[in-house]
Structures are given as structure tokens and as C-alpha cells.
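In what follows, a structure is listed as C-alpha cells, so that the remarks can point back to it.
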Amino acid sequence: MISAAMKRKSWLNGNVIVMFVLSLCALVIVLPAGTAELPGDPKQVAFEAIDRNADQIAAVGDVLYYFAEPGMQEYESAKFVKQTLESAGFNVELGGAGMPTNVWAKWGSGKPVIAIATEMDALPEGSQTPGSIPRKPLVEGAPGHMEGHNVMGAVGVGAAFAVKKAMEQLKIPGTVVLSIGPAEEQLMSRPYLVRDGYFKDVDAAIITHVADQSATGYGLQNYALIGAKFTFKGKTAHGGVNPWDGKDAVDAVVLMDIGFDKLREHLRPTYRGHRTITMGGIQPNIIPDVGQIWWFIRDANGPWAKENFDKLVNIAQGAALMTGTTMEMEPFGAAWPTLGNKAIAEAVQKNIEMVGMPKWTEEENKFAKELQKSLGRKEIGLPTKVAPLQAARQNSSSNDIGDITWVVPTGTVRFPVVVPGVQGHHWTAGITPTMSIAHKGAVVGAKVLAASVLDLLTSPELRAAAKKQFEEDTKETKYFSLLPPDAKPPVDLNKEIMDKYRPEMRKFYLSKKVQFK
Ligand SMILES: [Zn+2]
């Protein structure tokens, strides 16, 4: 539509068909700044590439779905994405920041550098037969994609490819990066990527996630979080015979829990603090020599979360002192709140409106309604309207992708793949991520993402506005790492789960060869 408008505009130069000109005005207004001097419309080239490769994008998402690898175990997924991107001409590095399953792909050279960031990890116990509304795991007890991250991997690959096509064809200078970080579900990788300088030369980024609508937003979207496991070690003894010889590590766990409860009154009302006892002894007549408690501490911004967390560490030290045990802390997840850039959000919104919603079939809507009915939700079917641009309402969840947004001006793209009423992290969210609903939503997501990256690549004005907004947003609060300086990524995370289930899961792997064209 836009390239046709551009062509007609030049053809009309000096012409006097006033009516025609007037009718074209509305079309011309939607042209983004900075693309006027290009010999063609980059978005049109990208959209054509996405439509041409819709089956390939779907196939990437489907292949990832059946790998169903939880955080830090995305070995097959990373290998597959690497091969797919390399065969499309990208330069792909695995293993960044000490994480074997980290994917960092790029194409092009020099400035500006625009990154797409997303994730493709599955969740423990999420295995489900796609398309089946009754509970029917593919492999009983195995992990599965119950948040649609498989589609996010596909959309990232599809959008990056489409951007490359437009850059090649129209000789757009710069670099497009696709960053797929491991273990988002455990909030594990981005602080390490940022710490190791991966985003140092990136001028702007777009992060993307599945949703039940086509939307963007700006401002603070969620909470900061610091996680850690505290392990206490004491001395075992017989609980009945010689308890005075024991040093009870589970007593330390309990005292830490009580200590934090005493602290609660003195924290800001915005805080969140929750824990699970991961090692609690064997039986009552054995004084336990090991005890472990795992905490998530959150607050509305990074510095407050850190303040709360430092108090928690003092409590742990106090608990060790009281019980004569030793205490070791293992950092386990960290995240800054996601900060959406308003200037980028405005550009993304225009693309969302330009691309529009998928055209759902009656069958797709019927299926969505059946699923909603089975969950006791309103049977509203699939969304038909894009969401209006608005400031985010800060919720108290967390996502480690937030760290990126404090070092690079970042926009967000949410695309319509989730059936409204279906909750992520529940097996019912594993029913649709390989169905046509997901495939169509992925096309919309890839188009909005590619168009927004192209806006950032081609418009110095947009990059400047985004930078100015970023400087304003981060004036009061400067980024620092919430990780202890010596923290290392836990690369064995979820390994036991995959060792146990992978042989059975392998039987379901798809042998699809994906080749973008
Ligand atoms: Zn997610």
C-alpha cells in the first residue's frame, strides 16, 4: 500500500488531478520519517519476505515446541536456530556470557545496531498434546511450552530475516541483532549478557512476547527481582540421644524465615518477598546438617529491591550466627523492571495499526471458544482489534529482559497468539502454540517487529528521540547489576529434568528442514 502510494506520488508531481492528490494524502501521512530517500519501501520488502516465509516461520515455532527445553537446557533449540539463521546468511554465536544456549545472531555491519531480544525456553511439567483441550501430556511429567516462547523464537528469526532482506535490497546501512537469551522463566540470563557488554554497542532494541492482543506500551511494566538460595550447614546428631552435639541447619532456615517476617513491617509497601524451603531435613530424630531456603525479593525499582535484599542477607548471617552453622548464598535470578521507551512505542503503535490483526477463520474462533468454555471463562473467541497505545500499568511480576531496557532505549512488541482467558504457566497454554492461531499471530508479530526495527534503522530522528526519552527516564535511577560481582550463570539449571525426560521427548521431535527464501 505504501510503496504504491510513493510511486503514485512521484508520478503526480506537477499534475493537477487535485481530487486524486487529496485522496492520497491519508496514505502519505503514514510514511515514517527517514525512509523517504530510500529507493523503495523497506517495510514492503520485509512484509513480502514474511508472507513468502510464513510456513517457514510456523515451522521454526513448531520445531521449538517439540524440543520443549527449559532454561539453560535449550541445546537442541539453540543448535536449530543457529543452523536456520546461518543458512539465511546470519553470523551466529552460541555460548555468550558463559551460557552454552545463548544465541547472539547478527547481520550487516557498523552503526546503527538495532537488536531484537526474546527467549525460547519451555517450562517444567508443561508437556501437552497440541490441539487437545483435555489434559494429555506428550510425555508424562516432561517439560513443555506452556507460554508460547516457541513462537517468540520463530517470530524473532522471521523478523530478523525480513529486516535483512530489506537492508540488502535497499542498501540500508547498519546491523540487525537477534538475541535469544536462555532461562527467562528463571530470570537468569540477561543480567549476565549486560554485564559482559553484549548491549554496549546497541543503539536501540525491541523486546517481544506473545500476548492475547497486538500491543505495545511505555513506562515501567513490572518489578525488579533478586533471587538467591541460602544453604546452611551444621552438624548432625541424634535428636533424642545427643541433640546438644548437633548444629541444626534447618533451625537456621526457620530463623531466617521468621527474621524476614519481622522485617516486613519496615519495608516499603511496594515490596514482595516469597520463599520456598528446598532442603528441610530427613526425619525428626536426625538433626539436619543441611538446610536450604530459596527467596525471591522484589520491589518497584532496582535500588529498592537491592536494599531489601541486602537486609535479607543480614538476616541469613544472623540465622547462621544464632545456630552456629555456616551460610552460603547462591544468586538465583535477577531482573530490573522492564522500562518501555515512549518514542519507540509510538513508532511501534503505528506499525501495529498498519499491520492489523490476523483474519481468524470461523473454525479458529470456535476452537478458542471451546477452550475458553473448558476453563470457565467468557466465550469471547479471538481478539479482532489492536490495543490502543497507553502507558503501562506496573505489575508485580518480573522478567530478566528488563535489564536490557536500562542500558538501551527499548520498545516492546506483544503479538496475538494467546487465546484470551488462557493463563501462561498452565498446561492449557500449551494447547495452541503450534496451531494456525499461533502461526497467524506469528506473521503479525514478525511484521510489526520487522517494521519497527526498520524504523529504528532508517530514522536518525527516531533514534535521537528514543535516546532523549531514555536519558530522561534513567536520569534519577542509574543501572547497576543486581548480581554479586563473582556470580556465574547456573548452566546446569534444569539439567536433571532433561536428563530424565529427553530420551522420551526425542521421539516427538519434528524433522522439518527450514529454509528461508
Ligand atoms: Zn514469557
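Atoms within a ligand are numbered from 1 in the order they appear, just like the ligands themselves. The basis for the numbers below is simple: all heavy atoms, side chains too, and nothing from hydrogens, waters or symmetry mates.
- Residues L382 and V419 form a side-chain contact, since some pair of their non-hydrogen atoms from C-beta on lies under 4.5 Å apart.
- Distances shorter than 2.8 Å separate the Zn ion (ligand 1) from the protein N/O/S atoms E147 OE1, H149 NE2, H209 NE2.
- Under 4.0 Å is where a charged nitrogen must lie from a carboxylate oxygen, and between E86 and K82 at least one such pair does.
- The aromatic rings of F80 and F67 stand perpendicular to each other, their planes meeting at an angle above 60°, with 30° marking the opposite boundary.
- Counting heavy-atom neighbours within 6.0 Å of E140 CD, excluding the residue itself, gives a total of 12 or less.
- Between W104 and F90, the gap from one ring centroid to the other reaches at least 6.0 Å.
- A salt bridge does not link K306 with D299: none of the charged nitrogens is closer than 4.0 Å to a carboxylate oxygen.
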